[in-house]
Amino acid sequence: MRSVTRRTGLLALLAVLVTGLAAAVAVAQRGPQSQPDRAPRVGVPGTVLPAADASPEIKQRFGVLRRAARTGDLPTDAGSSPDVDRTYVQASGLNLKHGRRLSGTKPVYVVPGEGVVCTLYGGESASCTPNEAVGQDFQVQTCGAVPQGVVSVSGLVPDGVRTALIRRSDGGGTEVAVQGNYLDASVPVIADGDIPTAVEYGGQAFPVPAVSLGEMTCTIE
Amino acid sequence: MKETRRTALDTEVPRRRLLGLLGGFLALALLLGATAPPQASALAKHLCGIYGTSVGPQESCPGISPRHSWKRVTGYRVQGGIDMCIVIRNANNNFLFSRCSFWATSMTIGPADMNYGRALTRAYNKNNNAARGREKRYLYADTN
């Protein structure tokens with residue numbers, strides 16, 4: 001009787017162990033979606049990359065990264081608190097010491113990183129663009145810091161560009177001035193035809209992500 | 001009247017089974033812990049993709065995050081050239097704001113834009129943000 005009980009207990013333990021092992025294997029092999037990607041990549045939280053400077057090619061195209069540092073260039077100089085997320089800084093190899101404040105009234109900074117050039121908004125929010133796409137990557141934002149019914153279009157443009165055209169979906173366009181290496185335009189959007197579709201300069205058109213009219217009406221928190 | 005009496009052996013059987021089950025669950029927990037991505041606990045919430053893993057081709061970031069006092073939302077992808085939009089809604093699902101880019105490999109929306117986590121918000125990648133080809137993308141939110 002005693003040996004039967006012991007055997008039953010052992011069988012129960014074995015069954016649970018086998019089930020557990022099967023479950024663990026299933027979790028580990030859920031296909032490509034859950035396959036760990038070991039290569040360190042820019043921007044992934046948890047990755048720590050050494051702080052990088054802008055490449056010579058980038059410096060050659062963007063004067064703001066060539067000029068000497070001055071007071072107010074670092075996001076921390078502006079007194080923005082808390083500073084841009086440390087996790088994000090490390091993951092992108094951002095070198096805040098090489099950061100420069102962009103022209104304009106808003107506290108916006110350009111900071112080189114590992115194979116990327118990042119734009120910091122107010123020292124907290126940020127976006128990083130790979131070196132090869134700097135000058136053709138324009139952020140569009142609706143609501144939040146942008147008034148209702150307006151789309152903000154912003155991005156870095158290379159030296160020598162004084163004006164750019166914000167192309168609308170109706171085919172028309174609005175010419176905007178570029179300050180330094182930074183384009184920052186607010187485009188009123190009332191109808192579908194007003195939605196920005198591209199930024200044009202130097203005979204080239206760089207498309208911007210599409211937004212919808214539904215994203216023009218926002219709730220104020 | 002028939003007297004029933006529990007012997008030591010009678011109580012030993014369920015106890016051993018219980019111990020067996022407990023040991024099994026412990027082993028299961030250890031196995032699951034060993035196979036989980038080690039960095040996953042560093043972030044409060046993965047909204048799309050699993051840390052260090054990829055969203056498959058044509059797979060979009062699923063759904064919208066739960067309501068939470070999100071203080072920071074970060075979108076990430078390996079390749080540019082397809083729009084990446086992070087959209088923030090309030091607790092009632094009303095639109096708050098969106099930020100989009102064609103080329104950015106990562107975008108983070110900081111505490112100031114998230115009202116320092118004072119309000120409940122929901123975050124998601126726009127529905128058309130399907131991964132293309134081998135492209136990988138993730139979306140994270142945290143409350144720190």
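Here is how names work: the chains are called A, B, and so on, in the same order as the sequence lines, proteins then strands, and each is numbered from 1.
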Quiz item: Nearest heavy-atom pair of A/Gln136 and B/Trp103: which atoms, and what distance?
Solution: O-CD1, 3.6 Å
Quiz item: Does any heavy atom of chain B fall under 4.5 Å from the side chain of A/Val208, the backbone, both, or neither of them?
Solution: backbone
Self-check item: Note, B/Phe102 side chain near A/Pro207 side chain (heavy atom, < 4.5 Å)
Solution: yes
Quiz item: Any idea which of B/Ala112, B/Ser98, B/Ser101, B/Gly110 has the most non-hydrogen atom pairs under 4.5 angstrom with chain A?
Solution: B/Ser98
Quiz item: How would you list, by chain and number, every residue that makes a ring-ring contact (aromatic ring centres under 6.0 Å, His included) with A/Tyr201, sequence neighbours excluded?
Solution: A/Phe206
Quiz item: For the residue pair A/Ser125 and B/Asp113, what are the closest heavy atoms and their distance?
Solution: OG-OD2, 2.8 Å
Quiz item: side-chain contact (heavy atoms from CB on, under 4.5 Å) with B/Thr105: which of A/Ser127, A/Pro130, A/Cys118, A/Ser92?
Solution: A/Pro130
Quiz item: Taking it one step at a time, do A/Thr142 and B/Phe95 satisfy side chain to side chain contact (heavy atoms under 4.5 Å, CB included)?
Solution: CA-CA 10 Å; A/Thr142 62; B/Phe95 183 86; 3.3 Å; yes
Exercise. Below 4.5 Å from any heavy atom of chain B, which atoms of A/Thr119 appear? Answer side chain, backbone, both or neither.
Key: neither
Quiz item: Which distance, rounded to the nearest 0.5 Å, do you find between the OG1 of A/Thr219 and the CD1 of B/Ile88?
Solution: 13.0 Å
Quiz item: Under a 4.5 Å heavy-atom cut-off, does chain B meet the side chain of A/Glu132, its backbone, both or neither?
Solution: neither
Quiz item: Nearest 0.5 Å, what's the CD-CZ distance between A/Glu215 and B/Arg99?
Solution: 13.5 Å
